[in-house]
Student: 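Before I ask anything, here is the structure I am working with.
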Protein chains: 2
Amino acid sequence: MNDRKQHVIRMAHQLFIERGFQATSIQDILEYSGISKGTFYNYFSSKNELLIALFKALYGSMETSRDELLIGQDRADLTIFIKQIELQMNTNKKNKLITLFEEVFVSNDEDLKQFLKEGQKRMIQWVFNRFLELFGEDKRPYLLDGAIMFLGILHHNVKYYSIANGSSVDISPVVHYSVHRIVTLLNDAANAGEQLNKPEQMSTWLPDASKPNEVFKEKLYHIIATLKNSLDENQMKSIELLDFIQDEFLHSKKSREFLIESVLCSLRNDQTLDQKTVAKLDQLVKDYFVRVAEACEQSNK
Amino acid sequence: MNDRKQHVIRMAHQLFIERGFQATSIQDILEYSGISKGTFYNYFSSKNELLIALFKALYGSMETSRDELLIGQDRADLTIFIKQIELQMNTNKKNKLITLFEEVFVSNDEDLKQFLKEGQKRMIQWVFNRFLELFGEDKRPYLLDGAIMFLGILHHNVKYYSIANGSSVDISPVVHYSVHRIVTLLNDAANAGEQLNKPEQMSTWLPDASKPNEVFKEKLYHIIATLKNSLDENQMKSIELLDFIQDEFLHSKKSREFLIESVLCSLRNDQTLDQKTVAKLDQLVKDYFVRVAEACEQSNK
DNA sequence: ATCTGTTTTATACCGACAGTACAATTTGCG
DNA sequence: CGCAAATTGTACTGTCGGTATAAAACAGAT
């Protein structure tokens, strides 16, 4: 991504933190980041698009550093989970993510709304999957309820603890407290055999969650994250290649098959990567283009 | 309150439910309720003021009917509490209160924000007080945390249960489920002796909660609500008198002492009212005016 | 250094919006 | 009826998000 464009995002973020999203006018952003209106609308098609770009950047880095905490660790270790939650809560606080979130959650822009919902859903799914690893398969029926309630407890506790103790207070005790509570809560629900939401229904929650394209994107995201997690900062080329693939699929209307093919070719020759995972990626992409081609034929009939 | 004014509030509410607050322009409200712009700004000083008036009306009626459920009942009966919560959740849903709430919670209008925060705080305090009655004094240290977590669990469960099962689904099982969970949660926290927020600090939470004026307003509200609860619809005069006092104190910069005095005089002669409570009200008002007079002298020095 | 295509800038503009100002009209009430 | 208050209609201000476009700055290839 353009250097200048990222600069604008950073400057806007600063203004959003200081005054909020609604209260920051485009004019403010232009003056603060020293660009003209024309350039702004060359980068972003609207103010909301800028916000989405900002969220993507923040969430992306948050999710990777959160996932990095798991590398080489026992996935069933509760203390690691606590560290992951603390990390996310602190990033939220630092970037005033929650405030921004709330401010625009109910908005007239359907795209923005959908994007934010998707983010919430991803968070619930992540907690659910971690709970599976932490509490085991036999608790599965109760873990979706658990994930939902955990986030409810956590957010409320953080919110009012911050009000009572000042927003600069250490959030760690709140996270510990909330995790302790959810452990008991899960046992309680399992003992009582009470269930509100069935985990199997999770995929049908959000309207387009069951669309093949969304499933593809999620798989793609997961595989690429796995590959990236196995790399360190010295292997910039490989990381860039993976990022390129992800970007090409997520942000272009029409992904350029020949480009992606050649990138995959490079990856297959990269000895530092786990070739089993690369093969998975290869297959996934192949299936995708087959499906696109079929859909294309179908519509030409 | 003016008939016409209430009509405007009702029409606006309808539009807010259909399209949301931000998406409803003042022009829309004017056309829909058939008044002119001049009249609108004669009634409300701004669009936000209208929203506050709407919230006040909705909250007011919700709180009274919620409190009515307790009359002549065992205050320690959990099933009554469940009924009260169900009532509030259903009112929320019917009036799209939560959506409206979220939409304007982070707003530029400091007054509106303060008003909404006050409402949330009142809700937490109400749950805390009910928990005291339900679970007893010995659990007190854990009941503020409990109230906060209960609302977090409840709102999250309702939200995602509605997403999964359609917004017209019966909310009752969610309330039962959430109440069951919080009971265990409270026992768990008490057993572990873990505490996040001290109930004594509750009054200092919101900036002006400790201001004498706010304490006064709360006491006033409570006494008047008690008196009103003992009346039925046939005693309109008494209700109007009580409403007048409340309105005079809450909405006027300078309450007219002579008017309030004469209203109190009428109330003292009203045999249908509990004269012990009326005496309390009398004393409260007397203290208030003494304090105002003192403050006035102080500033004239 | 010159040509060429792209990016950036400056500026004027549009429509929608919240809120103001005010003179003209209607309404309600003694 | 007469008068004061409420109501109306309309025109206005300033701000906002977003569009349009011509001129200027820039960058890479020859």
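Being a predicted model, the structure only gives us computed values, none of them experimental. Order of the sequence lines fixes the chain letters, A, B, ..., with proteins taken first and strands second; residue numbering starts at 1 for each chain.
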Student: Applying salt bridge (Lys or Arg N to Asp or Glu O under 4.0 Å), which residue pairs with at least one partner in residues 24-52 of chain A are found, sequence neighbours left out?
Tutor: A/Arg19-A/Asp28

Student: To the nearest Å, give me how far apart NZ (A/Lys5) and C1' (C/dT8) are.
Tutor: 16 Å

Student: Going 5' to 3' along nucleotides 9-20 of chain D, which nucleotides have protein heavy atoms under 4.0 Å from the base (write B), which only from the sugar-phosphate (write S), and which from neither (write -)?
Tutor: --------SBB-

Student: B/His7 NE2 to D/dA6 P: how many Å, rounded?
Tutor: 20 Å

Student: Which residues pass the side chain to side chain contact (heavy atoms under 4.5 Å, CB included) test with A/Glu63, not counting sequence neighbours?
Tutor: A/Arg66, A/Arg122, A/Tyr221

Student: Anything under 3.5 Å between a protein N or O and an N or O of nucleotides 23-29 of chain C, put it in a table, one pair a line.
Tutor:
none

Student: Could you tell me how the ring of A/Phe40 sits relative to the ring of A/Phe44: parallel (under 30°), tilted (30 to 60°) or perpendicular (over 60°)?
Tutor: tilted

Student: Rounded to the nearest Å, what distance is computed from the OH atom of residue B/Tyr43 to the P atom of nucleotide D/dA5?
Tutor: 16 Å

Student: Taking OP1 and OP2 of D/dT7, is either one under 4.0 Å from a side-chain nitrogen or oxygen of B/Arg4?
Tutor: yes

Student: Are B/Ser61 and B/Thr64 linked by a side-chain donor-acceptor pair shorter than 3.5 Å?
Tutor: no

Student: Do the ring planes of A/Phe21 and A/Phe16 sit parallel (below 30°), tilted (30 to 60°) or perpendicular (above 60°)?
Tutor: perpendicular

Student: Output every pair passing salt bridge (Lys or Arg N to Asp or Glu O under 4.0 Å) with a member in residues 8-17 of chain B, not counting sequence neighbours, ordered by first then second residue.
Tutor: none

Student: Taking atom C1' of D/dA5 as reference, at what distance in whole Å does atom CG of B/Asn42 sit?
Tutor: 10 Å

Student: Decide whether B/Lys159 and A/Gln120 meet the rule of one side-chain donor and one side-chain acceptor closer than 3.5 Å.
Tutor: yes

Student: B/Arg4: what forms a salt bridge (Lys or Arg N to Asp or Glu O under 4.0 Å) with it, not counting sequence neighbours?
Tutor: none

